[in-house]
Amino acid sequence: MIVLPKKLKITGRVLKNVAKPVDFKFPAQLEQLGMMLYRFMRDQDAIGLAAPQVGISRRVFVMEINGRKRVCFNPEAHWHTEDQLFEYE
């Protein structure tokens with residue numbers, strides 16, 4: 001179960017630890033978490049935000065690309081080659 005804070009704030013305390021994976025037992029809470037992260041991201045005029053950046057130790061991030069909102073659960077990093085990278089401002 002994810003305990004959602006009343007307000008999100010930027011903090012560094014959970015950034016030092018590996019974030020916990022998300023389980024899908026409580027989908028309504030995951031939807032609420034995604035919306036909270038997205039609103040916070042937009043309020044900060046950002047294009048992406050990870051849950052640990054706001055003190056929530058879960059493997060979740062949100063982003064907006066071409067006006068479309070994305071919520072990603074349990075993302076994994078994979079090795080890549082230089083031609084698979086791109087820049088975004």
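Heads up: numbering here begins at 1 and tracks the sequence.
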Inset, instruction - Using modelled atom types only, decide if a donor and an acceptor are shared between the side chain of Asn66 and the backbone of Arg68 within a distance under 3.5 Å. - result: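 Flag not set: sc Asn66 to bb Arg68 has no pair under 3.5 Å.
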Legend entry - N/O donor-acceptor pair under 3.5 Å between Gln53 side chain and Ala50 backbone: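 Present.
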Out of curiosity, [X] [atom1] to [Y] [atom2], how far, rounded to the nearest 0.5 Å?
X	Y	atom1	atom2	answer
Met63	Leu49	CE	CG	12.5 Å
Arg42	Arg39	CZ	CZ	12.0 Å
Glu31	Met36	CD	CE	13.0 Å

Inset, instruction - Could you tell me which non-hydrogen atom of Val62 sits nearest to which non-hydrogen atom of Gly34, and how far apart they are? - result: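 Looking at all heavy atoms of both residues, the shortest contact is CG1-O, 3.8 Å.
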Legend entry - Minimum heavy-atom distance between Ser57 and Ala19, given as atom pair plus value: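 Nearest heavy atoms, Ser57 then Ala19: OG-CA, 3.5 Å.
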Legend entry - Verdict with supporting geometry, Arg70 and Glu64, side chain to side chain contact (heavy atoms under 4.5 Å, CB included): CA-CA 6 Å; Arg70 300 280 185 236; Glu64 185 173 345; over 6 Å; no
Legend entry - Test side chain to side chain contact (heavy atoms under 4.5 Å, CB included) applied to Tyr38 and Val71, step by step: CA-CA 8 Å; Tyr38 181 76; Val71 180; 5.8 Å; no
Legend entry - Heavy-atom check, side chain of Asn74 versus side chain of Phe24, under 4.5 Å: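 A side-chain contact exists here, since the closest heavy-atom pair is under 4.5 Å.
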Legend entry - Side-chain ion pair, Arg59 and Glu76, N-O less than 4.0 Å: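 No salt bridge links Arg59 with Glu76.
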Inset, instruction - Test side chain to side chain contact (heavy atoms under 4.5 Å, CB included) on Lys69 and Met41 and set out the steps. - result: CA-CA 11 Å; Lys69 172 178 37 177; Met41 177 195 77; over 6 Å; no
Inset, instruction - Report yes if the distance between the aromatic ring centroids of Phe61 and Phe73 is under 6.0 Å, otherwise no. - result: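 Distance test on ring centres: not under 6.0 Å, no.
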